[in-house]
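Inspection log for the structure reproduced underneath, given as structure tokens.
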There are 2 protein chains.
Amino acid sequence: MTTSDPSTSATRPRPGGRSARVRYAVHRAVTELLAEDAAETLTIPVIAARAGVHATTVYRRWGSVPELLGDIASSRFSGEVVVPDTGSLRGEVVRGGAQDATDLADPDVLKLMRAAVGTGPLGCEACVADRHAQLTAILDRERARGGDPPELERTADLLLGPLYYRAVFIDRPAGPDWARDLVAGLLG
Amino acid sequence: MTTSDPSTSATRPRPGGRSARVRYAVHRAVTELLAEDAAETLTIPVIAARAGVHATTVYRRWGSVPELLGDIASSRFSGEVVVPDTGSLRGEVVRGGAQDATDLADPDVLKLMRAAVGTGPLGCEACVADRHAQLTAILDRERARGGDPPELERTADLLLGPLYYRAVFIDRPAGPDWARDLVAGLLG
């Protein structure tokens, strides 16, 4: 997964070797604990014990449970954070929205997101940071092409707002087609 | 607080006396525990002990932590669930949206909501049930007047979606004026 935000990439795993094994073990431990509805006991010592790693390793790498949950939730996102340049604002926003819709329809992603939200503002922000970075890149590119795209804030409100609301709050995730209608409403 | 949904009103408190005192004590206990960032230990025995009531009383009245958190979150909502009939669809939707925006800007409400979301789908749904009931009443009334309002689903997506997204996920709750712009986008 690539991102242009250095503050986010600092918490990303380095590929291969021990580091990748630790990451895999920790991600699996969290997913298992959530599947057991053990959300109320989701602390770093509990996660580390389940993963068979030292708690200090988890603290050093992720800092806190909210950041860890957010990292796992976004690592489950399909597709690229940076949508390829197709020359079409509409096409790229639809593609991003359809990816979001697909990911939010995954029950494991939803479980992770709700647990992250439950940890407070940091966990909430971690659930959407990659999506904001994705939209920012798309809109910047359109501006560089000389286009006049909507502001990031408005785009996030009207695209990510309904997508997250449906999936998280009313448990009826939208389909990718539905994202197309949202984009039509946004871009006219 | 009134609602037309009997399944919701069954969990509502009866006014006055011991029942009201229990409700007050339990609500206060949860609010205190959340303020202490003790979300991971938010179980019914812990809440009951803090409130000085029997755990069975809490189980009998609220059933589970998600339902309790949702009840408290919605009891913090300002204003009426049923927006008064003004004869104007736009005016009523704006009024409902402005109430939502105001409530979601309250840090205590947000804390309760995030904790409720963290408990799973039941807690998530409890955060929005009153808001759905409010929109349903407004749209039904417009239909009874012979109007042709948007569908509930679309209204919730485009009004509640952005409001909850901003408040819960990016920690930048919208102002009541901003709700007016959203409604303009929805009703044309």
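All heavy atoms count here, side chains included; hydrogens, waters and symmetry mates do not. A, B, ... follow the sequence lines: proteins, then strands. Residue 1 opens every chain. Since the model is a prediction, treat every value here as computed from it, not as a measurement.
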[atom2] on [Y] to [atom1] on [X], rounded to 0.5 Å:
X	Y	atom1	atom2	value
B/L159	A/Y165	CG	OH	9.0 Å
B/F169	A/R131	CZ	CZ	12.5 Å
A/I170	B/L160	CD1	CG	9.0 Å

- Task: Please name the pair of heavy atoms, one in B/R114 and one in A/V117, separated by the smallest distance, quoted to 0.1 Å.
- Result: CB-O, 3.4 Å
If hydrophobic clusters are built from ILVMFWY residues whose side chains come within less than 4.5 Å, do [X] and [Y] share one?
X	Y	result
B/L122	B/V65	no
A/L69	A/Y24	no
B/L187	B/V94	yes

- Under 4.5 Å heavy-atom distance to chain B, tell me which part of A/L163 shows up: side chain, backbone, both or neither. neither
- Side chain, backbone, both or neither: which part of B/R172 has a non-hydrogen atom closer than 4.5 Å to chain A? side chain
- Heavy-atom proximity to chain A below 4.5 Å, by part of B/A156: both
- Message: Quick check: do B/V168 and A/Y164 have side-chain heavy atoms less than 4.5 Å from each other?
- Response: no
- Is the closest side-chain heavy-atom distance between A/P162 and B/L158 below 4.5 Å? yes
- For B/R180, look at atom CZ and say whether over 12 heavy atoms of other residues, nucleotides or ligands are found less than 6.0 Å away. no
- Message: Out of A/E125, A/R154, A/H132, return the one with the most heavy atom pairs under 4.5 angstrom to chain B.
- Response: A/H132
- Closest-packed option against chain B by number of heavy-atom pairs under 4.5 Å, given A/C127, A/G123, A/A174, A/P121: A/P121
